[in-house]
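Below: one structure, written as structure tokens.
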Number of protein chains: 2
Amino acid sequence: MTRTPPPEPRDEIRVAVSTVIFSLRHDDAGELPAVVLPLVRRTRDPHEGQWALPGGWLDASENLEAAASRTLAETTALAPSYLEQLYAFGDVGRSPARVVSIVYWALVREDVAATPLPADENVAWFDAAALPPLAFDHELIVEYALWRLRNKVGYSRIAHGLLPELFTLAELREVYEAIGGRRLDPANFRRQVDGSGTLIPSDDFRTGSHRPARLYRYNHDVELADRGPLPR
Amino acid sequence: MTRTPPPEPRDEIRVAVSTVIFSLRHDDAGELPAVVLPLVRRTRDPHEGQWALPGGWLDASENLEAAASRTLAETTALAPSYLEQLYAFGDVGRSPARVVSIVYWALVREDVAATPLPADENVAWFDAAALPPLAFDHELIVEYALWRLRNKVGYSRIAHGLLPELFTLAELREVYEAIGGRRLDPANFRRQVDGSGTLIPSDDFRTGSHRPARLYRYNHDVELADRGPLPR
DNA sequence: TCAAAAGTGTTTATGGTACACCCATGC
DNA sequence: GCATGGGTGTACCATAAACACTTTTGA
């Protein structure tokens, strides 16, 4: 890209793509759902046996985002509802070989995440608040992705990426509460979201407990927040 | 980084590092300063003769940020007062060869930027609002970097990266005005910044015109906003 | 003494938060 | 009926914007 001659292939800088995938899991009724993410167990050195982020090598003929989707599908069989580049990690010492990892982060709806993972003991969901030791610098990466998730949910409307097509305001609020780690006032939450024009009320209601709650869908007309410089 | 075998070097994905460097330039007195950035003219194909962002190939033995600093110094002899990773660009078609560019963005103080560039007709400063056609996808990159600059100046305290050690509130305000593209109320600006605790008043004043203005310095105790997941 | 920039005070609008209250349904 | 979550109304508080005003210098 510049005026110096290109490096010979023997420089051996390799490019990998990994993804931090977030979803929610309701375990204890009455409690806030937990933020969970899938990890894969490494079956070879380095760090054999340790848990790591799903990912793989970048193929010379595919774009970065395509590589993230592909490796994510190969290792976890998941299709994300939101995918955004997180950061490029390339410190010299982060792996025995010189690897630059382009890391993405993604959201998966809870009902999608609930479908069983591949019959593979080497893929599993973990509570983001109780992760095992991770390979490479993946703990740092997950920590940063969590920071970004919490940050972005504050100023954008990505929370619906964790919900099905139709959802109640209480369910949407629960997503914000789970990510933010604190309860929100239902009254104020309602006003804020329907003042923002991001939700379209449907004519259906969720019944089953007490007063039925109106179901909403996300208004795709309002632009999702910044997903990077790429054309959308 | 994963369970598939590493690719052979003949895959030929190369990693470059480029930097979008911002500074300010006062041209017309009374007018807002312009946002300017240095470009280098390409001396070889592809895109020979076109202007491009300063950068170079990533060396196998250096970190990404170090490579950004190095290539930036080699091509422009500039030392930035702020440096942060912007985005990884890696689309297949963005260059004849497969190149993944880790792009950084940087701030340079105006007095530093005023020192003459290397005696090289192939490096020059341009007004960000009137750029020539750029090589590769560098126009997209600059556009995104400008968006990030404007965004970040709104919620962080990086503006001082464009100013010398001591500066008046009017000078600091001018930075915000130049980046934001609109005038700000001096009274409200004053209250906002000294309410934030980011400035330390000095005992010196800038004289020369009318009533002298107190000089301030930046308070390095208050943490700069997010520069990424790396330890600082 | 006047122009111009530094710096202060005050009013108003706005958005978030807390919380009291009513509504509709399952049990 | 009554408990519970859905949904509305309203007062309060902090912050931002607008702008009148005073202070201090150079010319």
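Below, chain A is the first sequence line, B the second, and so on; all start at residue 1.
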Residues passing the side chain to side chain donor-acceptor pair (under 3.5 Å) test with B:E139, sequence neighbours excluded, are none

A:E171: partners by salt bridge (Lys or Arg N to Asp or Glu O under 4.0 Å), with sequence neighbours left out:
A:R206

Among all residues two or more places apart in sequence or in another chain, which pass the salt bridge (Lys or Arg N to Asp or Glu O under 4.0 Å) test with B:R217?
B:E165

Could you list the residues that satisfy salt bridge (Lys or Arg N to Asp or Glu O under 4.0 Å) with A:D111, not counting sequence neighbours?
A:R109

Does either side chain, that of B:N188 or that of B:R191, offer a donor lying less than 3.5 Å from an acceptor on the other one?
yes

Residue set satisfying salt bridge (Lys or Arg N to Asp or Glu O under 4.0 Å) with B:R190, at least two apart, ordered chain then number -> none

B:Q50: what forms a side chain to side chain donor-acceptor pair (under 3.5 Å) with it, not counting sequence neighbours?
B:H47

At the 4.0 Å heavy-atom cut-off to chain A, mark where contacts on DNA chain C begin and end, going 5' to 3'.
C:dT17 to C:dG26

With sequence neighbours excluded, residues passing side chain to side chain donor-acceptor pair (under 3.5 Å) with B:H26
B:E110, B:E174

According to side chain to side chain donor-acceptor pair (under 3.5 Å), who are the partners of B:R70, at least two apart in sequence or on a separate chain?
B:E62, B:E74

Qualifying salt bridge (charged side-chain N to carboxylate O under 4.0 Å, His left out) pairs with a residue from residues 15-26 of chain A, counting only residues at least two apart or across chains
A:R25-A:D27

Please report the distance, rounded to the nearest Å, between CZ in A:R190 and C1' in D:dG5.
11 Å

In B/S/- notation, 5' to 3', how is nucleotides 17-27 of chain D contacted by protein heavy atoms closer than 4.0 Å?
BBB---BBBS-

Within residues 166-174 of chain A, the residues having a heavy atom closer than 4.0 Å to DNA chain C are none

